[in-house]
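Quick note on labels: first sequence line is chain A, next is B, and so on, each numbered from 1.
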Amino acid sequence: MPELPEVQTVVNQIRPDLLNQTVKSITPIWGKVFHNFTEKEARLKIYGKQIIDVSRRAKFIIINFKEGIVAIHLRMTGKLYFLNKNDVPSKYATAYLTFKNGKKLIFDDVRKFGRIYLHKNMKSINKRHGPEPLEDSFSPEILINIMKSRKRNVKALLLDQKILAGIGNIYADESLWKSQIHPNSLSHQIPKIRLKKLYESIKIILTDAINQNGTTIINFSVNGESGKYTNELKIYGKENSKCFRCNFKIKKIRVAGRGTYLCTKCQKKYN
DNA sequence: AGGCGTTCCTGGGGGC
DNA sequence: TGCCCCCAGGAACGCC
């Protein structure tokens, strides 16, 4: 389940190998993997074009060309890895790119939720996404405004990419645990001081997770090292074990349609 | 506005 | 060993 830190880790790992490379081809193995373009369009727009940067926006991996971008969303089980020209991709490969230097970038995706997009620029992605939580411009006031201006379940808000970009199920639970907020709290009822704590928790947790190469529950990158943040998790996946803070038994409930881990003793419900 | 269910997909785990 | 059912959950979409 790649979220912001995992996607950033993938970008960090593949960027050096992609920078300045010239695309020879991009080929779908599974029919629906190209979400908004055809092979023909790809041929016209990116064959022979040089990659000038590889970056991340929300949970998208962005391959930047002088004119246009290729955006890759890993969704649940997507992985990217390099092979040499004549190597055979795994049975779960849904697409691949080839480059002038003979390398091949494989998009591997067991559950086939992942998609590749071709866009002129970042406009269509930006308009569907809220602020980047790790950018300096993301301030406590912005988070307070997000929460206070809506009357919505706080976990649902954290997961909503239009509101805040990049957070998924694992880091939502971890951030709420660290800031001692019950996931079913109503956003506008949470005191400002608690929201400031939530802001700090999000920043710290995402930054630490990137430094640890993310959380590997299902491997998200084949070439790279596995994510070590798995060892730092305090609440996610820890049903029935003891809360690190208060020793109370950790529960698993459903919030916003997702499996949610929490400590009902030290995470306060505001409603 | 916002909550909820459904869809897309497949592997893996639990129950029997 | 095997079979069935449910669960995992990111995002879009339709409905109420």
**Prompt:** Listed by chain and number, what are the side-chain hydrogen bond (donor to acceptor under 3.5 Å, both in side chains) partners of A/N126, not counting sequence neighbours?
**Reply:** A/R57
**Asked** Restricting to pairs with a member in residues 85-97 of chain A, which pass side chain to side chain donor-acceptor pair (under 3.5 Å), not counting sequence neighbours?
**Response** A/S90-A/D108
**Request:** Using whole Å, report how far CG of A/D109 lies from P of B/dC9.
**Result:** 10 Å
**Prompt:** What's the CG-C1' distance between A/N169 and C/dA11, to the nearest Å?
**Reply:** 13 Å
**Asked** Given the P atoms of C/dG9 and B/dG14, what is the spacing between them in whole Å?
**Response** 16 Å
**Asked** Hey, which of these two, A/K162 or A/G259, hits DNA chain C nearer its 5' end, going by closest nucleotide?
**Response** A/G259
**Complete:** Out of B/dC9, C/dG10, B/dG3, minimum distance to the side chain of A/M76 belongs to C/dG10
**Fill in**
To the nearest angstrom, the NZ-C1' distance between A/K155 and B/dG3 comes to 15 Å
**Interatomic distance, A/K112 NZ vs C/dA12 C1' [rounded to whole Å]** = 20 Å
**Message:** Between A/N145 and A/E141, do the side chains contain a donor N or O and an acceptor N or O under 3.5 Å apart?
**Reply:** no
**Prompt:** Is any side-chain N or O of A/R254 closer than 4.0 Å to OP1 or OP2 of C/dA8?
**Reply:** yes
**Prompt:** Using centres under 5.5 Å plus planes under 30 degrees as the test, is A/F113 stacked with C/dA11?
**Reply:** no
**Prompt:** Is there a donor-acceptor contact under 3.5 Å linking the side chains of A/S175 and A/S201?
**Reply:** no
**Request:** Answer with base, sugar-phosphate or nothing: what part of the nucleic acid does A/N153 contact at a heavy-atom distance below 4.0 Å?
**Result:** sugar-phosphate
**Asked** A/Y171 has an atom OH; how far is it from atom C1' of C/dG10, in whole Å?
**Response** 15 Å
**Asked** In whole Å, what is the span from the CZ atom of A/R258 to the P atom of B/dT6?
**Response** 15 Å
**Message:** Measuring to OP1 and OP2 of B/dC9, would you say a side-chain N or O of A/Y92 lies under 4.0 angstrom away?
**Reply:** no
**Item:** Among C/dA11, B/dT10, B/dG2, the nucleotide that comes nearest once only the side chain of A/R150 is considered
**Value:** B/dG2
**Prompt:** Between atom CZ in A/R75 and atom P in C/dA12, what is the gap in whole Å?
**Reply:** 7 Å
**Prompt:** Any luck finding a side-chain donor-acceptor pair between A/N211 and A/K228 under 3.5 Å?
**Reply:** no
**Request:** Can you check whether any acceptor in the base of C/dG9 is under 3.5 Å from a donor in the side chain of A/R111, or vice versa?
**Result:** yes
**Message:** By the 4.0 Å heavy-atom rule, please label A/K252 as base, sugar-phosphate, or nothing.
**Reply:** sugar-phosphate
**Asked** Is any side-chain nitrogen or oxygen of A/Y117 closer than 4.0 Å to OP1 or OP2 of C/dA12?
**Response** no
**Asked** Counting only side-chain N and O atoms of A/K151, is one of them less than 4.0 Å from OP1 or OP2 of B/dG3?
**Response** no
**Message:** Can you check the distance between B/dC9 and C/dG2, where both ends of the measurement are the C1' atom (answer in whole Å)?
**Reply:** 23 Å
**Reference residue A/I170; test side chain to side chain contact (heavy atoms under 4.5 Å, CB included); the match among A/I205, A/T230, A/L233** = A/L233
**Request:** Give the rounded distance in Å between these two atoms: NE2 of A/H35 and C1' of C/dA12.
**Result:** 8 Å
**Message:** Looking at C/dA11, I'd like to know if its phosphate oxygens (OP1 or OP2) sit under 4.0 Å from a side-chain N or O belonging to A/R115.
**Reply:** no
**Message:** So, OP1 or OP2 of C/dG10: does either fall under 4.0 Å of a side-chain N or O from A/H73?
**Reply:** no
**Message:** Distance check, C1' atoms only: B/dC8 and C/dC3, in whole angstrom units.
**Reply:** 25 Å
